[in-house]
Structures are given as C-alpha cells and as structure tokens.
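Here's the structure, in structure tokens; my notes come after.
In what follows, chains carry the letters A, B, and so on, assigned in the order in which the sequence lines appear, proteins first and then strands, with residues in each chain numbered from 1.
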Protein chains: 2
Amino acid sequence: MQRDLPPLNALRAFEATARLESVSQAAQELHVTHGAVSRQIRVLEDDLGSALFRRQGRGLVLTPAGQRLRDASAAAFAQLRDACEQLRGHAAQTPFVLGCPVSLLTRWMIPRLERLMAELPELNLHLRPQEIPFDEALTGLDAALLAAAPPWPAGWHVFPLARERIGPVLSPRFAQTHGLLHSDPSAVLGQRLLHTASRPHAWQSWMESQHLPMEKLHFSQSYPHLYHLIEAAVAGLGVAIAPAQMVADDLASGRLLAPWGFQDTAAQWVLAVPSRAPTSRLMPLATWLEAEFTAHEKLPAANGQR
Amino acid sequence: MQRDLPPLNALRAFEATARLESVSQAAQELHVTHGAVSRQIRVLEDDLGSALFRRQGRGLVLTPAGQRLRDASAAAFAQLRDACEQLRGHAAQTPFVLGCPVSLLTRWMIPRLERLMAELPELNLHLRPQEIPFDEALTGLDAALLAAAPPWPAGWHVFPLARERIGPVLSPRFAQTHGLLHSDPSAVLGQRLLHTASRPHAWQSWMESQHLPMEKLHFSQSYPHLYHLIEAAVAGLGVAIAPAQMVADDLASGRLLAPWGFQDTAAQWVLAVPSRAPTSRLMPLATWLEAEFTAHEKLPAANGQR
DNA sequence: ACGACCTGTTAGAAAAACTCACCAATCCAT
DNA sequence: ATGGATTGGTGAGTTTTTCTAACAGGTCGT
C-alpha cells in the first residue's frame, strides 16, 4: 500500500516561504496574497501534525521539523523543475508541422510566411504540402489548414477561420475583359471558363447562387490544381473561379479582377488538429491565422464591383 | 528568477498512472474517479506541451517524454513521501501533553485513564498536573483541561465539553445525613460546610441559585484543594460543595450523596489549546472527552433527589 | 456479435483556494 | 513614546479548480 503524500500545493507554499523566510515574499513569488500562503502553511502543519515555523515577532523561524522538510522539498521540487524544464524545452524546439494544400501554400501562406515567423518565432513552424483529403488522424501533422465543409471527421478539433468565398476572376490581359467589367454576372456564360479537377463543383455552385442556367457553360481545359487554374487566369487564358483569399494579393496588385465579387460557399477555412493535442502552441497560431483571414473580409462582397 | 513548476496535483495523477500503467487503477489509488485522473493528465500534457502517453486501444503506453517524467516524478515524490513519513512518525510518537488541575486529575481523569489510553492508543497522552490559573500561552502543553468561565484568554482555542454543575455532597457516614436526606436545600444552613480556597465562591453561588440567605453559613475548615475537600466529605466531616463530574464515581458507589442535586454555574469544562496548534491529534481527544463528560449528564439535575 | 473493460468527454456539483478587509504584534524613525 | 510601515494571522464570501456522474467510443476476448 502506498503511503500518503502531503497536500502538494501546500508544500509548494511552504517551500517558497522556507526558502525566502517570509510569507509575504513567498506570496509575491507565487502571485497570491500572503493570506493564501499563510493558510496553505497552516494546512500543511495540520496535515503533518507538527509546527514547521515558530512565529517570532513579525518574522518566521523554521523549527527542526521545518528545516528537514525544507531540505527535502527543495530537492524534490528542483528535480521536478529540472525534468519539466527539459521536457518543455524539448517540446518547444520541436517543429510545429502544419499540413497545407499546395494551392493555399503557394498563393497565400508563402507570401505571409516571413511575417508569421517573425510574429510567432517560438512556434518553429514547418509547412508540409499535402493535398485534400487529409488523413483522418492527421498523421505526422500537428495541425492542418484547409477549406472544407462540415461535418468534420471524428477526432478532429476544428478552429473555424473564415467562410470560404468564391467568385470569377480574370486578367486585365484577357481579351474579353473590357467588355465584361460592367456587365451582369450572366455575361460569363459565353466566356472561356477555366476549371480544376480538385474543385469540380465550383462553377456549378457559383452559377446556382447567381440563379444562372448551367447548360451554356463553355469549359476550357481542366487544370490539375487550383494553383494552375489561377495562374492560367493571370495569364489571360479565360475566366477562373477561385476562393477570395487565394487571389487577394493578385486583386490588390491588379493582376486579377473580380468584377462580380465573391459568394459564400458551404465550406470554411479551418485549422484542424487531432482532438487531444496540447493547445499551448496551437492557440497563438490559430489566433494569428484567424486575424489574417478576417483581414480579407474587406474584399468586395458578392455582387460588389471592382 | 524561479522557473515554473508544473501543476503538482496533475503531476501526482500522472505519476500514479504511469506507475500503474492505467488511469483506472491510478484513480482507485487516489480515491477519485477515472475521469478526474484523465483530466489531470490532460492538464499536465497541455502544460508541458507534449504528449506523455500514447493511447493504444484500451491501454496506455508512455511516450519517451512520459518515461523521463515518470522517473523524475517517482523519485521526487518518493523523497517527499519519505520526509513527510518521518515527520509524521516523529510527531505521532511525541507525547501529547495535557495540563490538568490535580483535583480533576485525581478524581476524574485517572479512573478513566486506562480506558482512554486503550481507546486512543495513538495519542500517547501525558498528563501534567497544573493548577489554575493556566499560563496564557499554555507553555509546554498541547492542551489543558479545566473549568473556567468565558471570556477566554486571546490565543486560546476552546472546545466546550460540558457546563460545570455544582452541588452539596455528603457522606452516609456524616452524623446528620439521615435527617438531611429528605429536607429542603435550606437544611444545609445549620450544617458544617466544608470549603476550599481554590473555589472561594462555590457555596455563595450555590446559595444564591437556591435563593437562600448567606449569613447563616457555618464554615468549617478550609482545604487547600478541591481534592481534599471531597475527601473530607467522604470521611463524613461535613457537607462539601463539588462539581458533579468530580464526585460522579463516589455517587455511583454510594460513598457520597447529593440530596439536592446539582446546579449550573457560569463556568464550563473546556479543553483549551493554543490557537494555532495542529488539530489532527486534538480532535479525537476532544471528541472522547466530550462524550465522557456528557455521559454524566444523567446525574440528577438541580433539585433532583437521590 | 456481444459483453466486459478501458479511456475520454461533458455539464453540473462539490471542494479547494484565493481575495479582501481587518486585527495584532513588532520594528523603526522620528 | 508615538505613529507609521511592515509582517503574519484570521474570517467571510467569492472565484477557481477539481471532482463526480453519466454517457460515448474503442478494443479485446470469448
């Protein structure tokens, strides 16, 4: 049978008090009031059944019993501190592996990476390109950044970052651009529409949201990745449909135009983590990403003009 | 600057779980539910920022980080356990010194001492004869047993045990006894009244409570201690006035009679302790004494006949 | 496939810890 | 000596933590 340990928090209060020979200073070190420390010491004395301090005037003197306990607890706590220090240090320098689809990585993450590293230097972020669908257990990842619609796989914990919003984009260099700029959304019907196998329903869902018929679409070549699709649009090969965030920088620089704005989809941009992962390193990243994503909410809403 | 310790209670839960390789068994050892342990481990993992267990089927496996922490915490806790064990053991075998006036000691405590020692063997009780008034700090005592009226000195913590009740007692061998047995309390007026310097007001307060005049009292010799007073009564030298508890055994055995019962005084029998003494060894004694004192409440009340 | 067994999770209840405000004692500077 | 500053102790009330109870989901053995 296991012998009983004393109340550990009381022991911590005692150790600090014994080391500093002052209740008040110990309270300061432990970030509590002196009353709390005084009480904890009382609890410990009561538990052990012997006085640990002699109250002498406005100070304290350790009793022999107190001295022995101080030595033991100081050593024990030092050992625990060392071990935890080591673990924490090791955990801190382990890279935080973030899975991310190549399209997002290329067009959104990389332009922001330097700033992210500067603002969260402790994170030691490593990006791992990885396409949707993600492994259910997120094997080898500390987190994944992706756009997806609920329901989420069991075993994920999901931080919503922003609604996904998509819309048609085209280059100023595209031959028909001038005629399209002030037209209805229906004007896209006759254009060369670029699309990607990774988002086969993008045009369909946008057309539905605009109440346009789908039969008259003129699909051009299909691109394997969203990344290529957007590059094709930038090159003026036709009208692409893309999530707002992934063309934000191109819109800002004028390389792309979005005459009909963007439209919410059922999907969201989320940060997904295995449900029982430690949260301490996660929260700063989640916060940063959310801020960065919502900073783009200033992009034109659906039907907005640019 | 002091580095931070991990949450200690969480660490204790982890240590038990790691040692037993089971959340459920650890919960059993710690006398909590498995949910509590599971949660504590989660808190610790979160605090340290690294997983300590790999959940594998219905069991647990320590991660390398967990193993290191287990070794460190097992050693640290063992050290603390040892030290506290030693302190507790030392405290337990230190005698518990109970100050007690000789009268009470002789006539009440000693007859019950064997039973007390048998029922509270861990207490290691030492009686120290000591007369009222007691030192305000109760120097050298763990507690004091005495009859006194409030207010109590500052720095005492007082466990009330029973009201003090006093009444006249006399021996069957006393010459006038037969005539007194069925008389009014006023019959004492003409008798030889025994009294003691240690309680000069005893007769006075009793007479007042009976609404009898005090002028006609025939005081006999004064005895230095209550103890002698009672012995004088037993010897048939006159009528003594004594607290109920101190003649209880004599009444039971017939060596003394209390024809007019007993009367509450302003005083109480109390167990007094220095206010910041540890309570763990105290409570069993206080409980035992209270039970023993109130067991005598069955003695005849004031005006009751015997 | 089923029950036995184990761990994780949640809301709400219970317990522990803390703060605040006060007191008493001591020390120190005037 | 006296009044202010500092220190420790205490009690009431509140906040925070921890625990329980009940359920969910997975794995193992039969």
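A:Gly57 comes within 4.0 angstrom of sugar-phosphate atoms only, judged by non-hydrogen atoms across all strands, and of no base. Nucleic acid contact for B:Gln56: none, since no nucleic acid atom lies under 4.0 Å from a heavy atom of the residue. B:Ser38 comes within 4.0 angstrom of a nucleotide base, judged by non-hydrogen atoms across all strands.
Checking B:Gln25 against A:His34, the closest nucleotide of DNA chain C that is more toward the 5' end is the one next to B:Gln25.
A parallel orientation is assigned to the rings of B:Phe293 and B:Trp108, their planes being inclined by less than 30° (bins at 30° and 60°).
A distance-only check finds no donor-acceptor pair linking the side chain of A:Ser38 to the backbone of A:His34 [under 3.5 Å].
In this structure, A:Thr33 does not reach the C:dC20 phosphate: none of its side-chain N or O atoms is under 4.0 Å from OP1 or OP2. Dashed line: the shortest gap from a side-chain N or O of B:Ser24 to OP1 or OP2 of C:dC5 is not under 4.0 Å. OP1 or OP2 of D:dG8 sits under 4.0 Å from a side-chain N or O of A:Ser22.
More than 12 heavy atoms of other residues, nucleotides or ligands lie within 6.0 Å of CD in A:Glu131, so this atom counts as buried by the packing criterion.
The side chain of A:Arg58 approaches C:dC27 more closely than any other nucleotide in the set D:dG26, C:dC27, C:dC18. Among the nucleotides C:dT7, C:dT19, D:dT10, the one closest to the side chain of A:Arg42 is D:dT10. Among C:dC18, D:dG8, C:dG8, the nucleotide with an atom closest to any side-chain atom of A:Val23 is D:dG8. In the set D:dT18, D:dC19, C:dT7, D:dT18 carries the atom at the smallest distance from any side-chain atom of B:Asn9. Minimum atom distance to the side chain of B:Val32 is reached by D:dC19, of the listed D:dG8, D:dC19, D:dT18.
In this structure, the CD atom of B:Gln40 is 14 Å from the P atom of C:dT9, given to the nearest Å. Regarding A:Arg39, its CZ atom lies at a distance of 12 Å from the C1' atom of C:dC20, rounded to whole Å. Separating the CG atom of B:Asp46 from the C1' atom of C:dG8 is a distance of 15 Å, rounded to the nearest angstrom. Atom CZ in A:Arg55 sits roughly 16 Å away from atom P in D:dT7 (whole-Å rounding). Between B:Phe53 atom CZ and C:dG8 atom C1' there is a gap of 14 Å when expressed in whole angstrom units. Distance, B:His31 NE2 to D:dT20 P: 11 Å, rounded to whole Å. Distance, B:Leu60 CG to D:dC28 C1': 15 Å, rounded to whole Å.
Counting heavy atoms from C-beta outward, B:Val158 and B:Leu271 have side chains that stay 4.5 Å or more apart.
A donor-acceptor contact under 3.5 angstrom links the side chains of B:Arg54 and B:Gln56, judged on distance only.
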